[in-house]
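This chain uses plain numbering: 1 for the first residue, then up along the sequence.
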Amino acid sequence: MTNRKDMTLTSSGYYVSQEAPIETDNPVATPQASPPDILRCAYMEVVVTDLAASRQFYVDILGLYVTSEDDEAIYLRSTEEFIHHNLVLRKGPVAAVAAFSYRVREPADLDKAVAFFTELGCDVRRNPSGFVKGVGDSVRVIDPLGFPYEFFHQSDHQERMSWRYDLHIPGELVRLDHFNQITPDVPRAVKYMQDLGFRVTEDIQDEEGTVYAAWMRRKPTVHDTAMTGGDGPRMHHVCFATHEKHNILAICDKLGALRRSDAIERGPGRHGVSNAFYLYLRDPDGHRVEIYTQDYYTGDPDNPVVTWDVHDNQRRDWWGNPVVPSWYTDGSLVLDLDGNPQPVVARTDNSEMAVTIGADGFSYTRPDEGEGSMPEWKQGEYKLGHQL
């Protein structure tokens with residue numbers, strides 16, 4: 001890890017420091033224009049190929065509330081949400097992500113977004129009537145990393161369903177928590193997102209300074225988005241939070257009862273990174289959805305940055321459970337502003353899977369013992385693959 005002398009090793013096995021120990025030799029230029037004041041991740045617009053199958057997954061199984069729907073799109077929101085939607089499912093020929101959407105503090109921030117991204121030479125478009133139902137004046141851009149971002153302030157209000165206990169299900173999804181994006185150059189992405197006003201909360205590195213992933217936030221939680229190293233730009237997952245981990249277990253039980261357990265890709269488990277309880281699902285088009293709970297508050301100005309060693313067997317799963325290869329390799333395409341899939345660029349830095357799985361990789365539970373801290377049958381992060 002870089003600048004280890006400036007970090008403090010904790011009793012839990014990770015390092016902490018006051019500033020994100022991440023540097024890039026290929027930065028996106030910092031605009032002279034001020035960035036928009038982003039409040040939080042607000043919604044994602046996803047293209048699906050079978051609207052009925054997606055509705056069954058997101059509404060009938062996961063229990064998101066329908067705000068509006070027609071033959072072309074379904075607008076969904078979580079229990080505690082009062083803006084129009086947190087997820088848009090739009091019918092289309094290619095499964096992909098059309099927008100990662102952020103709410104900004106005031107209307108003037110849309111002018112700032114235009115100036116900021118225009119100075120970067122990005123494709124910038126503004127629609128005073130909004131690009132989707134329920135949202136007013138909006139700016140959409142293709143950012144320097146190739147992702148379709150949206151910024152908006154005004155949204156129609158809906159009833160919060162928090163008090164409608166008669167409608168709640170055991171696996172109630174209460175809020176949109178974060179996005180996760182796949183990009184080839186994580187340090188470059190981090191520096192650009194810092195220019196946009198994001199702060200790093202956690203990251204994964206190795207002793208040589210290779211950065212494999214970073215978590216960044218605007219609201220005072222672990223993240224509004226994360227940058228995961230891999231071939232990109234692609235979407236890794238969109239995440240909804242529950243109140244408690246028993247809600248996640250209820251979702252697993254429901255999927256089993258419906259003979260839909262094949263939708264479970266990974267988990268349930270506890271992350272080392274973020275400390276959250278998690279479950280990863282794949283929707284009918286293969287879009288990855290995380291269900292997540294119990295991370296921590298990060299709003300203090302001196303909130304320490306957490307850095308994990310890439311070889312720590314507990315960074316991705318606190319219990320040391322395997323990370324299936326698809327979780328590292330698969331992701332959803334993202335679209336340009338005309339609806340065309342963005343080209344995917346290969347990562348040239350080491351991949352997290354390659355350095356921790358297989359004959360050339362290693363993991364540890366106790367760093368002073370290295371891989372020898374695990375029994376032979378448990379060596380190699382993907383333990384089932386190691387056994388086979």
Mind checking whether F362 and Y364 have ring centres under 6.0 Å apart?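 No; Y364 has its ring centre 6.0 Å or more from that of F362.
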
Run the ring-centre check on F151 versus F117 and record whether the distance is less than 6.0 Å.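 Yes, the ring centres sit under 6.0 Å apart.
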
Evaluation steps, side chain to side chain contact (heavy atoms under 4.5 Å, CB included), between R347 and V345: CA-CA 7 Å; R347 177 175 169 89; V345 177; over 6 Å; no

Output yes when a side-chain donor or acceptor of [X] lies under 3.5 Å from a complementary backbone atom of [Y], and no otherwise.
X: S373; Y: T365; result: yes
X: S274; Y: D295; result: no
X: H168; Y: M161; result: yes
X: H153; Y: R105; result: yes
X: R288; Y: H236; result: yes
X: R217; Y: T298; result: yes
X: R199; Y: P301; result: yes
X: Q342; Y: G146; result: yes
X: D109; Y: D37; result: yes
X: R315; Y: W308; result: no

Please, which pairs that meet salt bridge (Lys or Arg N to Asp or Glu O under 4.0 Å) have at least one residue in residues 270-285, sequence neighbours excluded?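 Only E265-R282, R282-D330 qualify under salt bridge (Lys or Arg N to Asp or Glu O under 4.0 Å).
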
Flag if over 12 foreign heavy atoms under 6.0 Å of [atom1], [X]:
X: E106; atom1: CD; value: yes
X: D71; atom1: CG; value: no
X: D338; atom1: CG; value: yes
X: K245; atom1: NZ; value: no
X: Q32; atom1: CD; value: no

Return the [atom1] to [atom2] distance between [X] and [Y], rounded to the nearest 0.5 Å.
X: E72; Y: I74; atom1: CD; atom2: CD1; value: 11.0 Å
X: M353; Y: Y328; atom1: CE; atom2: OH; value: 8.5 Å
X: Q181; Y: H237; atom1: CD; atom2: NE2; value: 10.5 Å
X: S155; Y: R77; atom1: OG; atom2: CZ; value: 10.5 Å
X: I291; Y: L173; atom1: CD1; atom2: CG; value: 5.0 Å
X: T30; Y: D195; atom1: OG1; atom2: CG; value: 3.5 Å

Give a yes-or-no answer on whether the side chains of [X] and [Y] include a donor-acceptor pair shorter than 3.5 Å.
X: S17; Y: D6; answer: no
X: T79; Y: E172; answer: yes
X: N350; Y: T210; answer: no
X: H223; Y: E202; answer: no
X: H287; Y: S332; answer: yes
X: D206; Y: Y212; answer: yes

Applying side chain to side chain donor-acceptor pair (under 3.5 Å) to N303 and Y297, what does each step give before you reach the verdict? CA-CA 9 Å; N303 179 73; Y297 173 79; over 6 Å; no

Check the hydrophobic clustering (I, L, V, M, F, W, Y; side-chain heavy atoms under 4.5 Å; chains of links allowed) and say if [X] and [Y] are grouped together.
X: L89; Y: L335; value: no
X: L176; Y: M216; value: yes
X: V97; Y: V88; value: no
X: Y192; Y: F100; value: yes
X: L167; Y: L62; value: no

Which pair of non-hydrogen atoms, one from [X] and one from [Y], has the smallest distance, and what is that distance?
X: G267; Y: L279; answer: C-CD1, 3.9 Å
X: A226; Y: W215; answer: CB-CD1, 3.7 Å
X: V310; Y: E352; answer: CG2-CG, 3.8 Å
X: P144; Y: C122; answer: CD-SG, 3.8 Å
X: F179; Y: A42; answer: CZ-N, 4.4 Å
X: S138; Y: G130; answer: OG-CA, 3.9 Å

Step-by-step side chain to side chain contact (heavy atoms under 4.5 Å, CB included) determination, V132 to H84: CA-CA 10 Å; V132 297; H84 189 264; over 6 Å; no

Identified salt bridge (charged side-chain N to carboxylate O under 4.0 Å, His left out) partner of E81 from the options R40, R160, R175: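 Going through R40, R160, R175 one by one, the salt bridge (charged side-chain N to carboxylate O under 4.0 Å, His left out) with E81 is satisfied by R40 alone.
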
Could you tell me if the side chain of [Y] sits less than 4.5 Å from the side chain of [X], heavy atoms only?
X: P268; Y: L249; value: yes
X: R316; Y: I204; value: yes
X: H178; Y: T221; value: no
X: I22; Y: K191; value: no
X: F152; Y: I83; value: yes
X: V46; Y: V238; value: no
X: D349; Y: P184; value: no
X: I61; Y: L258; value: yes

For W327, is the NZ or CZ atom of R266 found under 6.0 angstrom from the centre of its six-membered ring and inside 45 degrees of the ring axis?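 Verdict for W327: a cation-pi partner in R266.
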
The test is side chain to side chain contact (heavy atoms under 4.5 Å, CB included); show your working for T225 and R218 and say whether it passes. CA-CA 9 Å; T225 196; R218 287 293 298 171; over 6 Å; no

Would [X] and [Y] pass as an ion pair if we require N to O under 4.0 Å?
X: D111; Y: R126; result: yes
X: D224; Y: K219; result: yes
X: K133; Y: D70; result: yes

For the pair Y292 and H271, name the ring-plane relationship: parallel under 30°, tilted 30 to 60°, perpendicular over 60°.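 Taking H271 first and then Y292, their aromatic rings sit tilted (interplane angle of 30° to 60°).
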
